[in-house]
Amino acid sequence: MSVTHGKMGLSLTQEILSHLGLANKTAAWGTLGTLRTFLSFSVDKDVQRLLKAIAGQGVDCIAILDVLTNRSREQRQLISRAFHERTQQDLLKSLQAALSGNLERIVVALLQPAAHLDARELRKALKGSGSAEDVALEILATRTPPQLRECLAVYKHNFQVDAAEDIKSETRGILRDLLLALAKGGREAYTGIIDYNLAAQDVQALKQAEGPSTERMWVLVFTQRNPEHLVRVLNQYQRDTGRELEKTVRARFHGAACVALLSLALVIRNTPLYFADKLHQALQETEPNYQVLMRILISRSETDLLSIRAEFRKKYGKSLYSSLQDAVKGDCRSALLALCRAEDL
């Protein structure tokens, strides 16, 4: 690996300094979930409790949520299988028959395997109206390669079509190119080797790719390079030009393409902040966007929801827990609060 003389000292120093605060880096936030494996787990006790909750005079929603929001996704799948073995009934269908509204929807999401939930949400985004650049990009850009592969396999199995075909038919332009590239899962893995030459080349390419018919370079850099490399590209671009790359994106692109590229840039810079912004936006609507709240709180509850909470509190001056308490109404409120877990003072 060759390094341009004169820039090595600055780049290497910045690289070392950037790792001193590793505890605050999103790359290190893989286990900061609010929901952990329940240590006193007894599948038989949980099955009996759920049976009692739906077989009595009235449905015991508190008991149902206490079980489902205090077990890991793997434990919830064990409960579902055990329930079927003991009763010859499907737990998901039994709970759907007993519940309704947002509470039913959140219970369904909790009991679905992660890949099935992602596939369902991705299909809904692509076949819905105006949400492809939001939900589809969220799923395709923030899941690990194994998670993404499983999601796309489930998508094809459940809907009898490749997600790529739906992307081609439902989107267009650079948004379509971005989503297709992300769906291929071709992003480079981080090897630990810092290629300063490639970072400089990418910065130069993006500086030159500001005229007509240069979208391919933006797609290539944003969807193929590993996140650690892209952070260096974003920082180097700002040092070279005196402006953030996001400002160039806003001037260069419009509509869904602009939104998608800005979202990708934020995912690269700070994934928990990306989700904190989405949660805040969902809570600011006249009626909270329960679908967004459910999807994010469930999908991130075992990975980095603590980090998302921290970013939410830092940016908006109010905890996510308190914000949910104030905005969310109805029977799914306690479920969302349970997933959020606690107040951030």
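Here the structure is a predicted model, which is why all the values come from computation and not from measurement.
Listed for the R86 side chain is a donor-acceptor partner under 3.5 Å among the backbone atoms of A82. Between the R176 side chain and the S169 main chain, no donor and acceptor come within less than 3.5 Å of each other. In this structure a side-chain-to-backbone donor-acceptor pair under 3.5 Å is present from N226 to H229. Side-chain atoms of E302 do not come within 3.5 Å of backbone N or O of T34 as any donor-acceptor pair.
A salt bridge is defined here as a Lys NZ or Arg NE, NH1 or NH2 lying under 4.0 Å from an Asp or Glu carboxylate O, and K278 with D134 meets this definition.
A salt bridge (Lys or Arg N to Asp or Glu O under 4.0 Å) check over residues 322-338, counting only residues at least two apart or in different chains, returns the pairs K318-D326.
Minimum interatomic distance between R120 and F159 (heavy atoms only, all atoms of both residues): CA-CZ, 4.3 Å. In this structure, V107 and L95 approach most closely via the heavy-atom pair CG1-CD1, 3.6 Å.
Surrounding CD of E188 are more than 12 heavy atoms belonging to other residues, nucleotides or ligands, all under 6.0 Å away. Residue-environment remark: CD (E246) exceeds the threshold of 12 foreign heavy atoms within 6.0 Å.
Hydrophobic clustering, with ILVMFWY side chains joined whenever heavy atoms are under 4.5 angstrom apart, keeps V259 apart from L262. No path of Ile, Leu, Val, Met, Phe, Trp and Tyr side chains, each step under 4.5 Å between heavy atoms, connects L198 with I268, placing them in separate hydrophobic clusters.
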_Steps toward salt bridge (charged side-chain N to carboxylate O under 4.0 Å, His left out) verdict (R309, D344)_ = CA-CA 7 Å; R309 277 171 33 185; D344 294 297; 2.9 Å; yes

*Apply salt bridge (charged side-chain N to carboxylate O under 4.0 Å, His left out) to D166 and R123, showing your working.*
CA-CA 8 Å; D166 280 343; R123 173 75 170 187; 2.7 Å; yes

